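Every value quoted in this text rests on a predicted model; they were computed, and no experiment measured them. Counting starts at 1 for both ligands and their atoms, following the listed order.
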Amino acid sequence: MTESQETLSNLLQENRRFEPPAELAAAANVTASAYTEASADRLAFWEAAADRLTWAERWHTTLEWEAPFAKWFVGGKLNIAYNCVDRHVEAGNGDKVAFYWEGEPEGDSRVITYADLQKEVSKAANALTELGVGKGDRVAIYMPMIPELPVSLLACARIGAIHSVVFGGFSASALKSRIDDADAKLVITADGGFRRGAPSALKPTVDEAVAECPQIEKVLVVRRTGQDVAVTDKDVWWHDVVERQSDQHTPEPHDAEDPLYILYTSGTTGKPKGILHTTGGYLTQTAWTHNAVFDLKPDTDIYWCTADIGWVTGHSYIVYGPLANGATSVIYEGTPDTPHRGRFWEIVQKYKVTILYTAPTAIRTFMKWGDDIPAKFDMSSLRVLGSVGEPINPEAYVWYREHIGASRTPVVDTWWQTETGAIMISPLPGVTAGKPGAAMQPLPGIVADVVDDQGKSVPNGGGGFLVVREPWPSMLRGIWGDPERYKETYWSRFDGFYFPGDGAKRDDDGDLWLLGRVDDVMLVSGHNISTTEVESALVSHPKVAEAAVVGATDPVTGQAIVSFVILRGSAEEGGDIAAELRQHVAKVLGPIAKPRQIMVVPELPKTRSGKIMRRLLRDVAENRSLGDVTTLTDSSVMNLISEKLPSAKSED
Ligand code: ATP
Ligand code: MG
């Protein structure tokens with residue numbers, strides 16, 4: 001941020017509150033006592049959470065902390081695949097559905113029980129062993145959202161190989177650099193997947209990457225689309241190698257601190273970092289939070305997380321957390337608008353989904369498409385809604401609750417990152433009276449704070465830097481191959497605290513609001529203003545579906561606020577929309593936050609994980625040539641925005 005005395009302005013006031021539904025509160029998995037228990041004895045609290053898992057050997061030391069390096073459940077041994085799969089079969093739940101898998105082409109679906117999953121994972125584990133993959137080896141996974149993807153993760157976990165999933169939309173060079181960084185020896189992929197109504201090839205990208213990666217010994221290929229693929233001498237087909245394996249495999253226990261996976265951050269701010277997660281603490285916290293934050297009732301809930309398994313949300317809340325809890329989940333291969341814009345709601349209706357976990361970017365897109373689309377479907381099964389990935393604007397939260405949750409369901413806004421491994425700050429649906437846009441409180445067992453420049457806690461009503469004061473079980477154990485970068489990135493800003501890079505405020509009640517990345521904070525006439533608050537003010541105007549704001553150099557104010565907005569489906573661009581929106585922001589937040597410019601745009605630049613990439617908008621706003629666009633979903637968006645520039649309005 002900056003040298004200014006003020007840390008971060010607190011401009012947005014929000015008075016709406018949503019009490020937990022009485023029925024949900026009465027039967028909630030976790031009640032308010034969890035907070036008192038955890039604060040009385042944090043380690044005992046996490047020990048009890050670890051006891052929800054099945055350990056082959058119990059740990060002797062709960063936490064060894066040599067800042068910034070943590071070891072949790074030291075001496076303990078367990079097998080993650082056993083915990084996620086076998087133990088449910090052994091408990092008599094083999095016939096229970098683990099995954100309802102829905103392909104993008106309509107009618108293309110599969111039902112996978114826990115017993116099926118046990119067989120599939122065992123076969124895949126045997127195949128990996130045959131292909132020469134052993135404990136500690138790295139396996140790169142580049143796949144569409146098909147059942148073989150979670151099976152591959154679990155097969156690696158089962159034998160102690162370290163997976164590195166690379167999102168299936170990344171380029172050959174992105175894949176190559178991740179293969180090189182982790183020094184992977186095997187790639188698991190598919191011929192392609194279905195995206196937007198057509199087969200979308202993956203294999204040619206892998207071929208291009210692997211041609212330059214001599215360390216890759218084999219490429220294991222699932223046939224999904226039936227597209228023609230070039231076959232190289234490294235390629236082996238899944239249906240040849242995996243299918244003929246025995247469906248029996250004895251899981252060997254791994255050390256609690258054995259590596260589980262590497263996952264490169266999504267690259268919103270710069271060069272991705274290979275975040276390393278390990279075994280016992282990671283599964284403890286993903287399983288506990290999944291049970292608590294979504295109030296999962298494994299016997300009756302149908303849970304759907306719409307993320308891609310290529311991101312951490314998919315790792316922790318499609319694969320590891322839900323399976324450890326014996327949940328029944330939906331997995332969907334495709335996009336929300338194929339073959340029509342009601343596809344998500346059709347899936348909710350079809351499977352009677354009770355818990356839905358998605359991202360603000362999706363919610364704002366649905367707002368843009370219009371209220372009439374979800375209204376056509378029966379979504380009365382829903383009882384808890386979740387949000388992750390970016391701050392959720394209060395208006396988007398209220399829309400989600402009202403149009404998806406029929407004004408009944410609690411919305412849990414969950415703050416966490418690739419690095420934290422699991423949810424850190426979130427309401428609990430049976431405990432918290434939710435405020436739209438607020439992540440509310442650190443979960444029991446998590447000690448987070450908002451501090452000023454000097455690392456001192458800010459009082460209620462103040463803004464500053466989010467920090468985590470104490471180690472937590474699912475924390476990253478480092479950046480793969482780069483301990484110095486780990487220390488520098490996360491532990492150097494505030495002595496002894498973990499610094500995630502996000503700004504936050506603590507409101508008058510002491511509840512937490514995430515205010516976006518500190519790198520994006522704007523310094524306007526000596527005030528540090530968060531992008532999130534101005535964006536939320538814009539989205540609170542009935543004509544706006546989505547907004548991105550950046551600070552651009554300004555001769556008078558230091559920086560001035562430049563806004564890019566997408567209008568709602570129902571709104572017309574006519575009139576002086578720019579003037580109207582500028583007035584609106586000034587009214588909601590005060591004149592200091594009034595944007596200098598408003599540009600109506602058809603799309604915003606987003607990363608492949610759906611997050612707004614403000615640094616590119618800053619380039620546009622300051623008339624610079626664009627920085628690196630390789631992690632953008634669609635780089636033509638930037639041309640659309642640049643073309644709009646001359647019409648940008650700037651007044652008084
Ligand atoms: P990179 O670190 O490479 O720039 P990234 O930060 O986008 O990429 P992720 O780990 O996927 O990669 O995203 C975590 C970040 O997303 C958080 O640090 C925060 O900025 C944002 N975020 C996630 N959930 C929330 C939330 N509920 N509220 C506010 N911000 C959130
Ligand atoms: Mg990040």
Side-chain angles (χ1 to χ4, degrees), residues 165 167 170 174 177-178 262-277 289 293 305 307-317 357-363 385-394 396-397 400 411-427 434-443 448 450 465-468 474-476 479 485-486 489-490 498-505 511-521 530-533 535-536 605-616 627-628 630-633:
V165 182
F167 174 64
F170 275 127
S177 67
R178 286 161 174 77
I262 302 164
L263 181 62
Y264 293 82
T265 52
S266 64
T268 310
T269 45
K271 182 180 179 276
K273 302 168 278 281
I275 303 302
L276 177 68
H277 284 290
T289 51
V293 171
C305 167
D308 192 288
I309 293 175
W311 311 123
V312 74
T313 303
H315 282 57
S316 298
Y317 297 105
Y357 192 25
T358 194
T361 182
I363 298 167
L385 302 177
S387 170
V388 61
E390 289 178 292
I392 182 165
N393 316 107
Y397 173 115
Y400 190 31
V411 174
V412 288
D413 173 23
T414 64
W415 178 87
W416 59 295
Q417 332 172 271
T418 307
E419 293 88 339
T420 69
I423 300 171
M424 302 289 281
I425 305 177
S426 169
K435 298 178 184 173
M440 302 301 290
Q441 290 290 329
L443 288 176
V450 183
F465 303 89
L466 181 70
V467 295
V468 187
S474 65
M475 66 190 279
L476 75 166
I479 294 178
R485 191 175 178 203
Y486 168 66
T489 310
Y490 305 107
Y498 173 81
F499 176 47
D502 287 342
K505 72 177 185 189
D511 292 319
L512 301 182
W513 298 69
L514 275 300
L515 296 182
R517 296 158 198 280
V518 296
D519 306 339
D520 291 333
V521 166
S530 85
T531 51
T532 303
E533 292 204 316
E535 288 164 3
S536 290
K606 302 222 173 122
T607 62
R608 285 165 207 273
S609 59
K611 298 172 194 231
I612 298 172
M613 219 156 155
R614 290 179 192 76
R615 76 179 156 79
L616 294 178
D628 183 13
T630 52
T631 58
L632 274 187
T633 347

Heavy atom of W415, distance to ligand 1 below 4.0 Å: yes
Minimum heavy-atom distance P427-V293, with the two atoms named: O-CG1, 4.3 Å
Structural part of L514 in contact with ligand 1, heavy atom criterion under 4.0 angstrom: side chain
Test item: side-chain donor near acceptor, T414 and Y357, under 3.5 Å: yes
Heavy-atom check, side chain of E419 versus side chain of K273, under 4.5 Å: yes
Ring center gap for Y317 and W311 short of 6.0 angstrom: no
Between T361 and K606: side-chain donor-acceptor atoms closer than 3.5 Å: yes
Closest approach of W416 to G421 (non-hydrogen atoms, all atoms of both residues): CZ3-O, 3.4 Å
D413-ligand 1 polar pair, N/O distance under 3.5 Å: yes
Heavy atom of G389, distance to ligand 1 below 4.0 Å: yes
Under-4.0 Å heavy-atom contact with ligand 1, by part of D502 that carries it: side chain
Side chain, backbone, both or neither: the part of W416 lying under 4.0 Å from ligand 1 by heavy atom: backbone
Donor-acceptor pair between N393 and E535 side chains, under 3.5 angstrom: no
Which of the ligand 1 atoms, numbered from 1, are nearer than 4.0 Å to a heavy atom of T418: 9 (P), 10 (O), 11 (O)
Y264 to ligand 1, any heavy atom closer than 4.0 Å: no
Location of contacts on I392 toward ligand 1, heavy atoms closer than 4.0 Å: neither
Side chain, backbone, both or neither: R517 near ligand 1, heavy atoms under 4.0 Å: side chain
Closest to atom 13 (O) of ligand 1 (judged by heavy-atom distance), picking from M613, K611, R615: K611
Best match, E419, E390, M424, K273: closest heavy atom to atom 28 (N) of ligand 1: E390
Whether Y490 and Y486 hold their rings parallel, tilted or perpendicular, with breakpoints at 30° and 60°: tilted
